[in-house]
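Each remark here refers to the structure printed beneath this line.
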Amino acid sequence: MKKNIIAMNASIMIGLGSILAAPSVYAESISDLEKQKESIQEKRSGVESNISDTEKKIDSLQDKQMTAEDQIAAIEAKIEESAKKIDAKNAEITQTKKEIEALKEEIKVLKERIAKRNEVLKERALSFQETGGDVNYLEVLFGSSSFGDLVDRVGAVATIAEADRDILKQHELDKKDLEEKQKAVETKLASLEVAKAELLEIQKQQKQQKQEKDALVKKLKQQTEKHEHEKMGLEEEKANLAAQERAIKSAISLEHQRLAELEAARKKAAAEAKKRAEQEAAQAAAQAASQASQATETKKQSTSSGYSAKSNSSSSSSPASSNVSQAPAVSSGTFTRPSAGYVSSTMGERWNKQHAGIDIAASGTVPVVAAADGVVSRSYFSSTYGNVVFVTHSISGQQWTTVYAHLSSRQVGEGAVVAKGQQVGIMGNTGHSYGQHLHFELHKGSWNYSKSNAVNPLNYIPN
């Protein structure tokens, strides 16, 4: 049983002729596998370098983002400080306006006082015009009835004259005070308005700076998310390359085991041939001693050998049964159809993105089979592929990778050796999927994040 499994594994991984081919042919196949392994190792090294570069870009973007966020915090503090200053200026302006309103009341009183003084002065001036001014004062003096009365009248005249001078003087002072107060308050209000305007302009500039920094942070976040997505893709590619390398190593190991089995079988066959030659020589010697007895014995041996060969031939002719049901017939080409159903979506651009494979849709329980002999390099659940199986193939020295995505269940694990047409899962609707179908990809070489090795499966599988 073990020999049969090793032989099948070797046939699966190498895909080169019959299992009884010359060892030199298989040695060449091992060399091809070693070259594929080295190629995968180089790709892994390149992917790891790209991951490192992407991580550095992410770190740089995050540092810039932190710097920008610190600057935004500083700008917000300045905006808050400006807002407080503007509030203070508004309070001063409000107070100044109150002072202006109070001054208006005071001005109203002063205007009334000035108006009254003007009336007194107008009356006095009218009296001067009617009496000739000084004559009026002489009449007052000459009308005295006594010296004492004269003295009193002289004092009164002096008082009136002084009062007139005081009225005029106060009138000038009040007018000057009024003008100064008006000018001071208006100057203060204008100064506050200018200061407020300057603060509003500063605040406007600060808000503009904050908007610019917010836009920068948004852009940095988008770039960071983009690089993080690229990093995830590269890490996925790295994991697939590592899995493919393990599959190739497994193939090399299986091939070495197969070659060892062939060598052991060759040695055993040689020993048996030698033994048969010795037996035939002994039988020939015995025949020389007794011809009659040897003839009888030879006839019996011939009958027994014919029966045995017929029996062996009959037992080896029973056909092998297949346990695959509801699956498409295995075709004779390099790749067979991976499932039953109709092609619902072809390879090409779809939804502004590159659709790197084909979709095969069908209802019910639909088996999904390996498109060719190979080794399962990955079998896991992906956020986009859902339940997915990756199979690595080595066909005539060329590495191929097939992908079976959105499965409802997986029936093979990583490292499993699968034959062409062997079931690997059940068609499903897991991951980023809309309706039950199989998403099938074919890559000439290894799978990578950019899917640059993807080829159109419809050019290789039966329609």
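Values in this document were obtained by computation on a predicted structure and should not be read as measured data.
Checked by atom type and distance alone, the side chain of N448 pairs as donor or acceptor with a backbone atom of S452 at under 3.5 Å. S379 contributes a side-chain N or O that, together with a main-chain N or O of V412, makes up a donor-acceptor pair within less than 3.5 Å. Not a single donor-acceptor pair under 3.5 Å links the side chain of H227 to the backbone N or O of E225. S52 places no side-chain N or O within 3.5 Å of a backbone atom of E48 that could act as its donor or acceptor partner. The closest donor-acceptor contact from the side chain of S49 to the backbone of S45 lies at 3.5 Å or more, if one exists at all. Between the side chain of T430 and the backbone N or O of N387, at least one donor-acceptor pair lies under 3.5 Å. With hydrogens and angles disregarded, a donor-acceptor distance shorter than 3.5 Å links the side chain of Q436 to the backbone of A362. The main-chain N or O of A419 is found under 3.5 Å from a side-chain atom of Q422 such that the two form a donor-acceptor pair. Within the 3.5 Å criterion, the main-chain N or O of T187 finds no donor-acceptor partner in the side chain of S191.
Looking only at atom types and distance, the side chain of Q411 has a donor-acceptor partner in the side chain of Q423 under 3.5 Å away. Side chain to side chain, S331 and R337 fail the donor-acceptor criterion of an N or O pair below 3.5 Å. Defined by atom type and a distance below 3.5 Å, a donor-acceptor pair is missing between the side-chain atoms of Y342 and S344. Y404 and H406 form no side-chain donor-acceptor contact under 3.5 Å, judged by distance and modelled atom types alone. Inspection of the S82 and Q206 side chains reveals an N or O donor paired with an N or O acceptor under 3.5 Å. For the residue pair N90 and T94, no side-chain donor N or O sits within less than 3.5 Å of a side-chain acceptor on the partner.
The side chain to side chain donor-acceptor pair (under 3.5 Å) check on Q203 picks up nothing, with sequence neighbours excluded. Residues passing the side-chain contact (heavy atoms from CB on, under 4.5 Å) test with V194 are E198, sequence neighbours excluded.
A salt bridge links E414 with R246: at least one charged nitrogen is closer than 4.0 Å to a carboxylate oxygen. Using a cut-off of 4.0 Å between Lys/Arg side-chain N and Asp/Glu carboxylate O, D53 and K57 are scored as not salt-bridged. Residues D359 and R350 are paired through a salt bridge, judged by an N-O separation under 4.0 Å between the basic side chain and the carboxylate.
Around NZ of K78, the count of heavy atoms belonging to other residues, nucleotides or ligands within 6.0 Å does not exceed 12.
Partner W400 forms a ring pair (Phe, Tyr, Trp, His ring centres under 6.0 Å) with one of F390, F335, W447 and no other, that one being F335.
Each ring-ring contact (aromatic ring centres under 6.0 Å, His included) pair with one or both residues in residues 354-373, not counting sequence neighbours, appears once here: H355-H439.
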